[in-house]
Amino acid sequence: NAMIAAYARRRYGKEALHLFHRMQVEGVTPNKITFVTILSLCLSPAALADGRLVHALIVEREIELEVIVANAILSMYGKCGSLEDAVRTFDKMF
């Protein structure tokens, strides 16, 4: 988590995503802070596919309704320009 956060602070998105995927391959379970950090790197329409994959993992782990995670998901969809996904996510929150 610390390495992913360090990459994120320096905007090394590819490296952070690579490390995130490596964590999964090696059986390390990401926590909500890991997910929030990774979602914060999805800043454009080009990153939407990665953001959706991360969102799917969050749903799989059943933490999508935690406020910090839900806000990160909404923010990611907004920054990626996917208003439909943002609205759908928002509606599920309530």
Side-chain angles (χ1 to χ4, degrees):
N1 283 343
M3 287 183 66
I4 289 174
Y7 281 140
R9 275 193 297 275
R10 289 174 176 60
R11 294 292 176 210
Y12 295 144
K14 288 182 183 181
E15 292 83 354
L17 285 168
H18 174 75
L19 192 54
F20 177 72
H21 292 298
R22 190 168 155 204
M23 282 176 63
Q24 293 174 346
V25 168
E26 297 196 15
V28 178
T29 303
N31 62 26
K32 64 184 174 185
I33 301 304
T34 310
F35 285 119
V36 168
T37 302
I38 290 297
L39 287 172
S40 75
L41 296 169
C42 300
L43 301 171
S44 69
L48 183 58
D50 285 328
R52 283 182 173 147
L53 287 173
V54 174
H55 185 185
L57 290 171
I58 289 168
V59 170
E60 185 179 295
R61 293 208 168 62
E62 300 179 349
I63 60 171
E64 73 273 14
L65 296 179
E66 293 201 29
V67 174
I68 190 171
V69 177
N71 285 337
I73 294 167
L74 287 171
S75 179
M76 178 273 299
Y77 282 130
K79 290 175 183 174
C80 289
S82 183
L83 186 57
E84 301 84 23
D85 286 320
V87 169
R88 191 174 19 250
T89 300
F90 182 81
D91 288 344
K92 288 180 183 178
M93 291 171 66
F94 298 100

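Environment of CD1 in Ile33: crowded, with over 12 heavy atoms of neighbouring residues, nucleotides or ligands closer than 6.0 Å. The number of heavy atoms from other shown groups lying within 6.0 Å of CD (Glu62) does not exceed 12. The number of heavy-atom neighbours closer than 6.0 Å to NE2 of His21, taken from other residues, nucleotides and ligands shown, is above 12.
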Please walk me through it: do Ile58 and Leu39 pass side-chain contact (heavy atoms from CB on, under 4.5 Å)? CA-CA 11 Å; Ile58 289 168; Leu39 287 172; 3.7 Å; yes
With ring-ring contact (aromatic ring centres under 6.0 Å, His included) as the test, would you mind laying out the steps for His55 and Tyr77 before giving the verdict? CA-CA 10 Å; His55 185 185; Tyr77 282 130; 5.5 Å; yes
Is there a side-chain contact (heavy atoms from CB on, under 4.5 Å) between Phe20 and Leu57 once you walk through the steps? CA-CA 12 Å; Phe20 177 72; Leu57 290 171; 3.9 Å; yes
Start with the C-alpha distance between Phe35 and Arg61, add both sets of side-chain angles, then the distance that settles side-chain contact (heavy atoms from CB on, under 4.5 Å), and finish with yes or no. CA-CA 11 Å; Phe35 285 119; Arg61 293 208 168 62; 3.7 Å; yes
Go through the steps for Asn1 and Thr37 under the test side-chain contact (heavy atoms from CB on, under 4.5 Å), then give the verdict. CA-CA 9 Å; Asn1 283 343; Thr37 302; over 6 Å; no
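The hydrophobic cluster containing Val28 also contains Ile63, counting ILVMFWY residues as joined when their side-chain heavy atoms lie under 4.5 angstrom apart, directly or transitively. Note: the hydrophobic cluster containing Val54 also contains Met3 (ILVMFWY, side chain heavy atoms under 4.5 Å, direct or indirect links). Under the 4.5 Å side-chain heavy-atom criterion for Ile, Leu, Val, Met, Phe, Trp and Tyr, Leu48 and Val36 are members of the same hydrophobic cluster. Following chains of ILVMFWY side-chain contacts shorter than 4.5 Å, one can reach Leu17 starting from Met23, so the two form part of one hydrophobic cluster. One hydrophobic cluster holds both Ile73 and Ile68 under the rule that ILVMFWY side chains link at heavy-atom gaps under 4.5 Å.
The two residues Ser44 and Cys80 make their nearest non-hydrogen contact at O-SG, 3.1 Å.
A salt bridge links Arg88 and Asp85; the closest N-O separation between the charged side-chain nitrogens and carboxylate oxygens is under 4.0 Å.
Atoms NZ and OG, from Lys79 and Ser40 in turn, are 7.0 Å apart once rounded to the nearest 0.5 Å. Taking CG of Leu43 as the reference point, atom CE of Met76 lies at 10.5 Å (rounded to 0.5 Å).
When each of Leu41, Leu19, Ile38 is paired with Tyr7, the side chain to side chain contact (heavy atoms under 4.5 Å, CB included) condition holds for Leu19 and for no other.
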